[in-house]
Amino acid sequence: MEVDWPGRWEHLRKILERSGPFAHPDFEPSPEILTFMKETCKILVIGAGGLGCELLKDLALMGFRNIHVIDMDTIDVSNLNRQFLFRAKDVGKAKADVAAAFVNSRVPGCQVTPHYAKIQDYDDNFYRDFHIVVCGLDSIIARRWINGMLIGLLQYDDENVLDQSSVIPMVDGGTEGFKGNARVVLPGMTACIECTLGLYPPQINFPLCTIAHTPRLPEHCIEYVRILLWPKEEPFGVGVVIDGDDPKHVQWIMEKSLERAQEYQIAGITYRLTQGVVKRIMPAVASTNAVIAAACANEVFKIASSCCAPLNNYMNFNDTNGVYTYTFEAERLDDCVACSLKPQSLSFSESDKLQDIITHLQESPTYQMKAPGITTYIDGKNRTLYIQTVKSIEEKTRENLKKTLRDLDLVNGQELYVADVTTPTSLTFRLTLASSMESS
């Protein structure tokens, strides 16, 4: 099959081989730019769902040929109405594998490499190999993790001056019904994901009393099973965390939810709703996915070619009533937990308990951690204060939650190392500890 027929890239050459009123000041038109895009530039697409399918199609048709895609999910019937790279015969197969094969078969010369895995399965050497990372995710935790990974790849000289050659730009897209956003993150230079956690929609939580005693909605029944029944029965083993992408987990939750729904004469529980509640999935609209993916692909093109200044740096889209877009510059935080070079500080008193620190890390708008684990060094020895994610360690360290910081021998200036699913590396905090007398 002929890969490059006459006129195939004429539309791109008009942009890349001549200047224009919107060109970047440093842009130098050249045929070599298209050659770089086709033969050298290596793109990583994270997610092969509604946004991911659109992104793969757009990037492939735009001339990018060396594309990798990561997705840990398999194709469900409910995906077929908007994830257009999939067909009914593909149900049950890995999204990454099917999406890659489809694009490779339809776009001559393009080579999409699939990775049926979690982003956490790969180390820094894998991510360092890409020129640009594009995210089409439905998980804030995953966004925060890849954000931390790219920041961890940054290199600084002895005077803490950033080596810009170590910066891997991230283009991130998100959709929620008829709303969406696209953003450009230049790690270490512009606002990162952690700098702007407040921009993400708050998680919908139902009152525990309603879930436990007076359920009225199918969602209440599902939340009852997720929050109360799962940790009590531990259906898949001690300490196994719910995986919203595991059909066995979702099926078990759905069956138990149906039992509770029948008890309270509540209808409407389905597999799709169950997974949506467990994963906090918002209804998806195909047209919104198409618009946001196109915006993201456009930013990838601008970054790869330098033909135009990239988005600076956040664009909101809303087509609930008509079409509305708004662009603004999200500001980088000087004390950002991820991209700032300043040490993070935690202020407590000697009489505060370790549980107070855990609660602060989880509930603070700045940190929003999910299951923080804390270690430190005391008298030159590594000491685990509390770990939630490993059942055996959690049981051994649980008593520490009730102890005061004084009882744990923590002193002013103590460094605490915090690990969480939202970051690929542990974060260092410095404890500012006031005495009980001072705090009173």
Side-chain angles (χ1 to χ4, degrees), residues 46 119 124 127 132-135 137 139-157 159-164 166-174 176 180-203 296 299 303 309-316 326-348 356-372 374 413-432:
I46 302 179
I119 56 175
D124 54 352
Y127 292 104
I132 304 171
V133 173
V134 198
C135 296
L137 293 161
S139 167
I140 296 176
I141 293 178
R143 281 187 177 91
R144 296 174 68 182
W145 191 93
I146 191 63
N147 177 77
M149 171 57 73
L150 296 183
I151 289 173
L153 298 179
L154 298 177
Q155 297 179 4
Y156 296 84
D157 63 16
E159 298 180 354
N160 284 335
V161 176
L162 176 65
D163 177 2
Q164 295 192 13
S166 66
V167 175
I168 300 176
M170 178 172 70
V171 179
D172 176 57
E176 185 179 282
N181 64 77
R183 65 184 302 182
V184 173
V185 176
L186 303 178
M189 300 174 66
T190 65
C192 74
I193 300 296
E194 294 289 337
C195 288
T196 56
L197 276 184
L199 294 176
Y200 293 99
Q203 181 173 299
C296 290
E299 294 308 316
I303 293 171
L311 175 69
N312 186 27
N313 51 29
Y314 199 107
M315 184 273 287
N316 270 326
Y326 174 68
T327 302
F328 66 94
E329 181 180 359
E331 295 185 4
R332 185 182 179 192
L333 298 181
D334 291 335
D335 59 349
C336 174
V337 67
C339 67
S340 171
L341 297 180
K342 298 179 180 179
Q344 299 296 308
S345 178
L346 291 174
S347 298
F348 288 89
D356 296 324
I357 295 182
I358 295 290
T359 301
H360 176 69
L361 293 173
Q362 291 176 317
E363 297 182 357
S364 168
T366 302
Y367 305 122
Q368 298 185 36
M369 295 187 179
K370 303 304 175 181
I374 304 179
Q414 184 99 33
E415 287 192 344
L416 302 179
Y417 309 103
V418 180
D420 190 63
V421 294
T422 58
T423 176
T425 57
S426 63
L427 301 174
T428 302
F429 292 84
R430 184 167 288 115
L431 192 61
T432 300

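With sequence neighbours left out, Arg183 forms a salt bridge (charged side-chain N to carboxylate O under 4.0 Å, His left out) with no residue at all. For Asn316, the side chain to side chain donor-acceptor pair (under 3.5 Å) test picks out no residue, with sequence neighbours left out. Residues passing the ring-ring contact (aromatic ring centres under 6.0 Å, His included) test with Tyr326 are Phe328, sequence neighbours excluded. Among residues two or more places apart in sequence or in another chain, the side-chain contact (heavy atoms from CB on, under 4.5 Å) test is passed with Asp356 by Phe348, Asp352, Lys353. Qualifying side-chain contact (heavy atoms from CB on, under 4.5 Å) partners for Gln164, counting only residues two or more places apart in sequence or in other chains: Met189. Residues passing the side-chain contact (heavy atoms from CB on, under 4.5 Å) test with Leu137, sequence neighbours excluded: Ile46, Cys135, Ala142, Arg143. With sequence neighbours excluded, the residues that form a side chain to side chain donor-acceptor pair (under 3.5 Å) with Gln414 are Thr376. Under the rule for a side chain to side chain donor-acceptor pair (under 3.5 Å), the partners of Glu415 that lie at least two apart in sequence or sit in another chain are Tyr417, Arg430. Considering only residues two or more places apart in sequence or on other chains, Ala371 meets the side-chain contact (heavy atoms from CB on, under 4.5 Å) condition with Gln388, Thr389, Asp420. Checked against side chain to side chain donor-acceptor pair (under 3.5 Å), Thr425 has no partners two or more places apart in sequence or in another chain.
Asp163 and Ser166 get closest at one heavy-atom pair: O-OG, 2.6 Å.
Rounded to the nearest 0.5 Å, atoms CE (Met170) and CD1 (Ile193) are 4.0 Å apart. The structure places CG of Leu150 at 11.0 Å from CG of Asp124, a figure rounded to the nearest 0.5 Å. For the atom pair Asn313 CG and Leu186 CG, the distance stands at 8.0 Å (nearest 0.5 Å). Rounding to the nearest 0.5 angstrom, the gap separating the CD1 atom in Ile357 from the OG atom in Ser364 is 13.0 Å. With values rounded to the nearest 0.5 angstrom, Leu346 atom CG is found 8.0 Å from Ile374 atom CD1. To the nearest 0.5 Å, atoms OG1 (Thr422) and CZ (Arg144) are separated by 4.0 Å.
Put simply, the side chain of Tyr127 never gets that close to the backbone of Val133: no donor and acceptor are under 3.5 Å apart. In this structure, the side chain of Glu363 does not engage the main chain of His360 through any donor-acceptor pair within 3.5 Å. Side-chain atoms of Gln362 come within 3.5 Å of backbone atoms of Lys370 as a donor-acceptor pair (strictly under, hydrogens ignored).
Among pairs with a residue in residues 331-348, those fulfilling side chain to side chain donor-acceptor pair (under 3.5 Å) read Ser345-Thr432, at least two apart in sequence or across chains. Residue pairs satisfying the salt bridge (charged side-chain N to carboxylate O under 4.0 Å, His left out) criterion with at least one member in residues 146-157, sequence neighbours excluded, are absent.
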side-chain contact (heavy atoms from CB on, under 4.5 Å) between Leu154 and Val167, intermediate numbers included: CA-CA 6 Å; Leu154 298 177; Val167 175; 3.8 Å; yes
Test side-chain contact (heavy atoms from CB on, under 4.5 Å) applied to Leu341 and Tyr156, step by step: CA-CA 10 Å; Leu341 297 180; Tyr156 296 84; 3.9 Å; yes
Residues Phe429, Leu361; criterion side-chain contact (heavy atoms from CB on, under 4.5 Å); working and verdict: CA-CA 11 Å; Phe429 292 84; Leu361 293 173; 4.1 Å; yes
Full working for side-chain contact (heavy atoms from CB on, under 4.5 Å) between Asn147 and Asp172: CA-CA 10 Å; Asn147 177 77; Asp172 176 57; over 6 Å; no
